[in-house]
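All values below come from the heavy atoms of this structure, side chains included, with hydrogens, waters and symmetry mates left out. The sequence lines fix the lettering, A, B, ..., with proteins before strands; numbering per chain opens at 1.
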Amino acid sequence: MTAMEAAALHDWPDDARTARGIQQALAGRVRLEDDTGAVSTLAGVDTGFEAGGRTARACVALFRWPDLTPLETVIGRAPVTFPYIPGFLSFREMPAILAAMAQLEHLPDLLLCDGQGIAHPRRLGIASHLGLWLDRPAIGVGKSRLCGSHAAVGEQRGDQEPLLDGDARIGTVLRTRSRVKPVFVSPGHRVSHDGAVAWVMATLSRYRLPEPIRAADRAASRRG
DNA sequence: GCGACAG
DNA sequence: ATCTTGTCGC
């Protein structure tokens, strides 16, 4: 990696201007080839807020693969030092996520993150940023669109349409439940578009979101 | 200038 | 994301 990239990876900004520079420096390091190796554990990642929004509370819900047995749930907290600005979500939530990850004996072999991967204005959504930071395969699963356009998606479970930004494919709009609003799937790091969609489909139960993300979502937003 | 805009 | 109770429906 270049010196600028090395400096940007584990560096932290305190303003959007600097954050944008970090995103631009890191985006080129994202790998879109499937490089998951042997997956024996995977985790869902989500963040909630408490104390009137002054504290971020992240949850990492670890599961065994391929049986999807729940293994462990950890919670990490961190002061919120960055405002919510579309396109800069990772700078708000990652400190808490990293605090949660630090509680695990071993990092998950694959991360499913609530939010976008490369389906981002500068191709560095939270799943990409986190995947790069931890050097782990990561997938972004957004409940709504940040950027890009797409054709109408079929109404049946499994129907999908590529998410495009001009000529470039940045993700997939995937119907995870028949007649229910689709999700926005995009590679975070070390996974392909098709690989990301396959992982999401493989971790679904009967709901709209993958089970690992649902579990993280519950723990992260649960009061107390 | 106007509209869009992850969580 | 969060502030918030009950309620309609499978």
Side-chain angles (χ1 to χ4, degrees), chain A residues 13 16-17 19-20 22-23 26-27 30 44-61 75-100 111-133 138-150 153 155 157 163-166 169-174 176-189 193 196-197 200 205-210 212-224:
Chain A
R17 212 299 188 163
R20 169 178 298 205
I22 290 175
Q23 292 177 329
L26 294 181
V30 169
V45 181
D46 187 39
T47 304
F49 295 86
E50 56 187 24
R54 286 175 286 112
T55 301
R57 175 184 56 225
C59 173
V60 175
I75 299 287
R77 283 170 229 263
V80 174
T81 63
F82 215 88
Y84 171 65
I85 304 172
F88 298 92
L89 184 65
S90 64
F91 298 101
R92 232 173 113 70
E93 304 190 344
M94 269 183 47
I97 293 173
L98 295 173
L111 273 20
L112 290 170
C113 308
D114 189 53
Q116 317 295 335
I118 63 168
H120 177 280
R122 290 166 292 284
R123 307 292 183 268
L124 202 87
I126 188 166
S128 297
H129 199 172
L130 186 62
L132 275 176
W133 187 291
I139 295 166
V141 181
K143 297 184 292 299
S144 63
R145 184 189 66 90
L146 172 59
C147 63
S149 59
H150 63 88
V153 184
E155 289 298 316
R157 175 191 180 95
L163 180 62
L164 307 170
D165 183 5
R169 181 178 183 182
I170 58 176
T172 305
V173 189
L174 176 67
T176 50
R177 272 196 77 180
S178 297
R179 293 173 295 285
V180 170
K181 181 181 180 182
V183 298
F184 295 77
V185 179
S186 58
H189 185 47
H193 284 288
V197 169
V200 169
S205 57
R206 57 179 299 194
Y207 303 98
R208 181 188 178 216
L209 295 175
I213 291 185
R214 289 191 69 232
D217 194 21
R218 299 175 342 194
S221 59
R222 177 175 179 174
R223 290 194 61 180

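- What separates CG of Asp46(A) from P of dA6(B) is a distance of 15 Å, to the nearest Å.
- For Arg57(A) (side chain) and Ala220(A) (main-chain N/O), a donor-acceptor pair under 3.5 Å exists by modelled atom type.
- Counting only heavy atoms from C-beta on, Arg145(A) has its side chain closest to dC5(B) among dC5(B), dA1(C), dT2(C).
- Atom pair Arg177(A):CZ and dG9(C):P shows a separation of 17 Å (rounding to whole Å applied).
- When heavy atoms are screened at a 4.0 angstrom cut-off, Gly87(A) is found touching base atoms of the nucleic acid.
- dA6(B) has no base stacking with the ring of Phe184(A) when judged by centroids under 5.5 angstrom apart and an interplanar angle below 30°.
- Contact annotation: Lys143(A) side-chain N/O to dA6(B) OP1/OP2 distance is not under 4.0 Å.
- Atom CZ of Arg206(A) and atom P of dC10(C) are 14 Å apart (whole Å).
- Under the 3.5 Å distance criterion, the side-chain polar atoms of Arg20(A) are left unmatched by any main-chain donor or acceptor of Gly87(A).
- Phe49(A) comes within contact range of the sugar-phosphate backbone alone, with a heavy-atom separation under 4.0 Å but no base atom that close.
- Protein atom CZ of Arg92(A) is 14 Å distant from nucleotide atom C1' of dC5(B), rounded to whole Å.
- Proximity of Ser221(A) to the phosphate of dA1(C): no side-chain N or O atom is located under 4.0 Å from OP1 or OP2.
- Proximity of a side-chain donor or acceptor of Arg157(A) to a complementary backbone N or O of Thr176(A) within less than 3.5 Å is detected.
- What separates CG of Asp114(A) from C1' of dA1(C) is a distance of 10 Å, to the nearest Å.
- Looking only at side-chain heavy atoms (C-beta outward), Leu132(A) and Val30(A) come within less than 4.5 Å of each other.
- Atom-to-atom, CD of Gln116(A) to C1' of dA6(B) comes out at 5 Å; the value is rounded to the nearest Å.
- Remark: side-chain polar atoms of Thr47(A) are not paired, donor with acceptor, to backbone N or O of Ala58(A) under 3.5 angstrom.
- The nearest whole Å value for the distance from the CG atom in Leu124(A) to the P atom in dG7(B) is 17 Å.
- Gly53(A) comes within contact range of no nucleotide atom at all, as no heavy-atom separation falls under 4.0 Å.
- Between Asp217(A) atom CG and dA6(B) atom P there is a gap of 16 Å when expressed in whole angstrom units.
- At a threshold of 4.0 angstrom between heavy atoms, the contacts of Phe82(A) with the nucleic acid are absent.
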